[in-house]
Amino acid sequence: QVRLVESGGGLVQAGGSLRLSCAASGRIFSSSAVGWFRQAPGKVREFVSRISRGGNIDYADSVKGRFTISRDNTKNTVYLQMNSLKPEDTAVYSCAAGSVSSRRGVDYDYWGQGTQVTVSS
């Protein structure tokens, strides 16, 4: 089993930055792909970014150039650095882990509880 805990969300003004963390416990985290997803009120969950166990990285077009995903396997943690935040980035951000790196949430086996990110204009 893998347990995921997100942290780092909060309220920030447009143009600001936040760094989200996804800390994992349980089975070997380094062998897992990790994805970040977000869900705004009244909207479907959407893919944000992913990092494979080998370090391959992918971003949604809406965040490319502004967000950076990274992982530190020594700390069993994946980070999402979010810069130049916009009001439309407001959502609950969740991380997910699994054996397959995918843009689809259904392909992940484990999920965190989510952390709220609110960007004011």
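What's counted below: heavy atoms across the whole structure, side chains too, no hydrogens, waters or symmetry copies. Please read all numbers here as calculations on a predicted model, not as lab measurements.
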Checklist entry - Where do P87 and A14 come nearest, in terms of heavy atoms and distance? => result CD-CB, 4.1 Å
Checklist outcome for this item: Note: S32 and A97 closest approach over all heavy atoms is CB-CB, 4.4 Å
Item to check | Partner residues of S70 under the side chain to side chain donor-acceptor pair (under 3.5 Å) criterion, sequence neighbours left out | outcome: none
Checklist entry - Does one hydrophobic cluster hold both V34 and Y59, with members joined at side-chain heavy-atom distances below 4.5 Å? => result yes
Checklist outcome for this item: With sequence neighbours left out, the residues meeting side chain to side chain donor-acceptor pair (under 3.5 Å) with Q81 are N83
Solution key, residues 41-49 side-chain donor-acceptor pairs under 3.5 Å, sequence neighbours excluded:
| unit_1 | atom_1 | unit_2 | atom_2 | d |
| --- | --- | --- | --- | --- |
| E46 | OE2 | R38 | NE | 2.5 |
| E46 | OE2 | R38 | NH2 | 3.0 |
| S49 | OG | D58 | O | 2.9 |

Checklist entry - Q113: what forms a side-chain contact (heavy atoms from CB on, under 4.5 Å) with it, not counting sequence neighbours? => result V5, E6
Next on the checklist: Once salt bridge (charged side-chain N to carboxylate O under 4.0 Å, His left out) is applied, what residue pairs with a partner in residues 66-87 remain, sequence neighbours excluded?
Outcome noted: R66-D89
Item to check | Pairwise disulfide bond (SG atoms under 2.5 Å apart) hits with a residue in residues 55-100, at least two apart | outcome: C22-C95
Next on the checklist: Give me the atom names and distance for the closest heavy-atom approach of S52 to S101.
Outcome noted: CB-CB, 4.0 Å
Next on the checklist: Working to the nearest 0.5 angstrom, can you tell me the gap between S99 OG and R53 CZ?
Outcome noted: 7.5 Å
Checklist entry - With A23, which residues qualify under side-chain contact (heavy atoms from CB on, under 4.5 Å), at least two apart? => result T77
Checklist entry - Which pairs count as disulfide bond (SG atoms under 2.5 Å apart) when at least one residue sits in residues 36-78, sequence neighbours excluded? => result none
Checklist entry - According to the interplanar angle, ranging from 0 to 90°, do the rings of F37 and Y108 count as parallel (below 30°), tilted (30 to 60°) or perpendicular (above 60°)? => result perpendicular
Next on the checklist: Just verifying a value: how many Å separate S21 OG and L4 CG, rounded to the nearest 0.5 Å?
Outcome noted: 12.5 Å
Next on the checklist: Side-chain heavy atoms nearer than 4.5 Å, only ILVMFWY residues, links allowed to pass through others: does that put I57 and M82 together?
Outcome noted: yes
Checklist entry - In terms of hydrophobic clusters joined by side-chain contacts under 4.5 Å, are I69 and Y79 together? => result no
Item to check | Backbone of V119 reached by a side-chain donor or acceptor of T90 within 3.5 Å | outcome: yes
Next on the checklist: Could you measure the distance from the CG atom of L80 to the CZ atom of R19? Nearest 0.5 Å is fine.
Outcome noted: 10.5 Å
Checklist entry - With sequence neighbours left out, what residues match N56 under side chain to side chain donor-acceptor pair (under 3.5 Å)? => result none
Checklist entry - Which residues pass the side chain to side chain donor-acceptor pair (under 3.5 Å) test with S102, sequence neighbours left out? => result D107
Checklist entry - Which atom names give the shortest non-hydrogen contact between S17 and S84, and what distance separates them? => result OG-N, 4.3 Å
Next on the checklist: I'd like to check the ring pair (Phe, Tyr, Trp, His ring centres under 6.0 Å) partners of Y93; sequence neighbours left out, ordered by chain and number.
Outcome noted: none
Checklist entry - Are L18 and F67 grouped together when hydrophobic residues (ILVMFWY) are joined by side-chain heavy atoms under 4.5 angstrom apart? => result yes
